[in-house]
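Just so you know, ligand 1 is whichever comes first in the structure, and atom 1 is the first atom listed for that ligand. Computed from a prediction, not measured in an experiment: that's the story for all the values here.
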Amino acid sequence: MHENPVPKPYIAEFEHLGFGMFIHWGLYSQLGQGEWVMKLRKIPKEEYRQLKSTFTAEDFDAKAIARLAKLAGMKYIVLTTRHHEGFSLFDTLRLSDYDAVHSPAGRDLIAEFVEGCRSEGIVPFFYHTTADWYQESYVNDFPAYLAYLQKSVEILCTRYGKIGGFWFDGNWDKSDADWQDDVLYGIIRKHQPEAIIVNNSGLHQQGEYGHPEIDSVTFEQGRPKPLDRRGRSKYVAAEMCQTLASYWGYSSIDFQYKSVKELILTLAACRKAGANYLLNIGPTATGKIVKLQEAMLETVGEWVRLFASALYTAKPCGINGHGSDFGLAGEDAKLYFFVHDLAVSGDWNVTVPSGGVGPRTFTGVDKRIRSIKWLDNGEELKFVQDADSDLFTFQATGYPYGVDYVVRVAEATL
Ligand code: GLC
């Protein structure tokens, strides 16, 4: 047992990806009512499977999706190779004819996805369901189902080159079953030794540790807390996945969109806890990116670009301020201070007074600071550091008129 486990290099690399795109896309996208529509609207299997005959994927442009991810500052994409409905976006090599190559699309969409990602320098990850509403064996002959699941994953491990990781989801559906995870993860370790293995612990078990091969815990739709890793034999990363509106799969009648402000606050909160943020989009029936979703991600990307040096490799280090303010330790003798609720300086006739300007104090700063400046415009900031305590205070100037970043980051040099 290590007192404080250190991350294996591939897990540290995953943490440095920081911000990723989740994509839920499948037959359900044609109905535009979320990815659970088959189950929750009780659509008989015989009726639902007809959706295969209208699945064209004609607007699915993997390269364009990867470009959007890059613009948003995302470094990896997790795509649903198969969701609970049981339909595969990859060529299952006749394991089943319920796949994209046997639909009007007639293409291996996972091959396109992987290629699109690589052309933009984005790391591809595969979501794969473990629960399956389509395979009879899932209900009648579980060992046969597990063999089918394992063969499917073996195909994904061996036909698409190096994969960033596997994101499983569905064990919660049969929580007492023996899922033979040793076998499943063994297949991955054999072919993709450095793939991140995730198995979603679900909405209600956020941050829960699982099988020893698991490399990252999940915080589905939550707020990650820093993991207490003391006494653990392995360093495990953390990731929080979240929908842009209510559903993962496309819904044309879901108006519950988050604001860009909320997305920025959430990304900052994830990094505060040392967790990755995996933000979902749901392309349409034909694989088109929804315009609003695209615009939101592009806008978040503008923010990410301003503060990029503080967002990927910087780690929690016990620095905290008032309210949501916090600090991270960067590489190369830098500290980053995330400042919330900063006032916009302006005229009473045009700006609504909110937030504050002036001193921001942080605890937990145990290193001598030489200078500090806003990352976005390089403005040097006045500061005082108490020689005997871990208190550090700097003068946070407000946003100039015309600017509001929601969260502003200052970079201190040691
Ligand atoms: C849930 C849902 C699912 C979604 C997933 C993403 O477990 O079953 O539809 O894919 O969360 O985190």
Run the ring pair (Phe, Tyr, Trp, His ring centres under 6.0 Å) check on Phe125 and Phe14 step by step: do they pass?
CA-CA 11 Å; Phe125 281 64; Phe14 174 64; 5.8 Å; yes
Mind jotting down which protein residues get a heavy-atom contact under 4.0 Å with ligand 1? Chain and number order, please.
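Under the 4.0 Å cut-off, ligand 1 touches Phe22, His24, Glu35, Trp36, His83, His84, Tyr127, Trp167, Asp169, Trp172, Asn200, Glu220, Cys241, Trp248.
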Are a donor atom and an acceptor atom from the side chains of Thr129 and Arg82 found within less than 3.5 Å of each other?
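Result is no, nothing qualifies.
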What pairs with Arg189 under salt bridge (charged side-chain N to carboxylate O under 4.0 Å, His left out), at least two apart in sequence or on another chain?
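Testing Arg189 for salt bridge (charged side-chain N to carboxylate O under 4.0 Å, His left out), a comparison that skips the adjacent residues, returns Glu213, Asp215.
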Table please: side-chain donor-acceptor pairs of residues 322-333 below 3.5 Å, with sequence neighbours left out.
unit_1, atom_1, unit_2, atom_2, d
Asp325, OD1, His340, N, 2.7
Asp325, OD1, His340, ND1, 3.3
Asp325, OD2, Arg360, NH1, 2.9

Establish, yes or no, whether the cationic atom of Arg229 lies under 6.0 Å from the six-membered ring centre of Tyr235 and within 45° of the ring axis.
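Yes, Arg229 lies over the aromatic ring of Tyr235.
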With sequence neighbours excluded, give me every ring-ring contact (aromatic ring centres under 6.0 Å, His included) pair touching residues 39-74.
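Found Trp25-Phe55, Trp25-Phe60, Phe55-Phe87.
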